[in-house]
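Down below is the structure, laid out as structure tokens.
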Amino acid sequence: MADEHPNVQRVAAAAEQLGLAISVVEYPDGTRTAVDAAAAVGCDVAQIVKSLVFDLDGSPCLALVAGDRRLVTDRLAEALGGTTVARADADAVRAATGYPIGGVPPIGHATKLPVALDRSLLDHATVWAAAGTPRHVFEVEPAALFGAVGGPVADLGEPG
């Protein structure tokens, strides 16, 4: 693991701390988007976890949404008990998580973020999430991931 990207090492260490057994896989052609990731790993787009950072009432928060769904910001606000939601820019994403857009994992962030989870991810035996870079992903059981990160489970998305 010493030769792995430092971001991947942080994700692996966070997973271990949370009791998640993961194996990170690298795809040199990239997994930046949900469609790219699904094609690379050979799964349905719905099995990709999008880790989306938003500004909720002036503070960053995280929404874990299925790759085939579009986040409904009002649902995110309701799930986390806020009112005003806006997409965070790339600098805010990196400041809050420590990772670049396209590589934001659901765990191992630079700051403690409130998180809401899209219920549709539980429809799958396993899901795939970014592991710190736009080329690295890991597979995990969604129930185990949800248990590890905590946060409310809600219908955050709609087909999109």
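Because the structure is predicted, anything quoted here is derived from the model rather than measured.
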Looking at every non-hydrogen atom in both residues, tell me the closest pair between [X] and [Y] and how far apart they are.
{"X": "Ala129", "Y": "Val49", "value": "CB-CB, 4.0 Å"}
{"X": "Pro142", "Y": "Ala125", "value": "CD-O, 3.4 Å"}
{"X": "Gly132", "Y": "Asn7", "value": "O-ND2, 2.9 Å"}
{"X": "Cys43", "Y": "Ile48", "value": "SG-CD1, 3.7 Å"}
{"X": "Leu117", "Y": "Gly151", "value": "CD1-O, 3.4 Å"}
{"X": "Pro106", "Y": "Leu62", "value": "O-CD2, 4.1 Å"}

Expected output: side-chain [X] to main-chain [Y] donor-acceptor under 3.5 Å:
{"X": "Asp57", "Y": "Thr83", "answer": "yes"}
{"X": "Thr31", "Y": "Pro134", "answer": "yes"}
{"X": "Arg10", "Y": "Gly98", "answer": "yes"}
{"X": "Arg32", "Y": "Ile101", "answer": "yes"}
{"X": "Gln47", "Y": "Ala38", "answer": "no"}
{"X": "Arg70", "Y": "Gly160", "answer": "no"}
{"X": "Asp55", "Y": "Ala88", "answer": "no"}

Look at atom CD of Glu158 and say whether more than 12 heavy atoms of other residues, nucleotides or ligands are closer to it than 6.0 Å.
yes

In this structure, are over 12 heavy atoms from other groups packed under 6.0 Å from Glu139 atom CD?
yes

Using side chain to side chain contact (heavy atoms under 4.5 Å, CB included), reason through Leu56 and Leu76 one step at a time and then give a plain yes or no.
CA-CA 9 Å; Leu56 176 66; Leu76 176 62; 5.7 Å; no

My understanding is that only residues two or more places apart in sequence, or in another chain, count here; which of them pass side chain to side chain donor-acceptor pair (under 3.5 Å) with [X]?
{"X": "Asp36", "result": "Thr33"}
{"X": "Thr73", "result": "none"}
{"X": "Asp123", "result": "none"}

Nearest-0.5 Å distance, CG of residue Leu52 to CG of residue Leu156
9.5 Å

Nearest 0.5 angstrom please: Ser51 OG to Leu64 CG, how far?
5.0 Å

Tell me whether Val53 is reachable from Val72 by hopping between hydrophobic residues (I, L, V, M, F, W, Y) whose side-chain heavy atoms are closer than 4.5 Å.
no

Please evaluate residues His5 and Glu26 with respect to the criterion side chain to side chain contact (heavy atoms under 4.5 Å, CB included), reporting the C-alpha separation (whole Å), side-chain torsions for both, the decisive distance (0.1 Å), and the verdict.
CA-CA 10 Å; His5 192 284; Glu26 181 178 8; over 6 Å; no

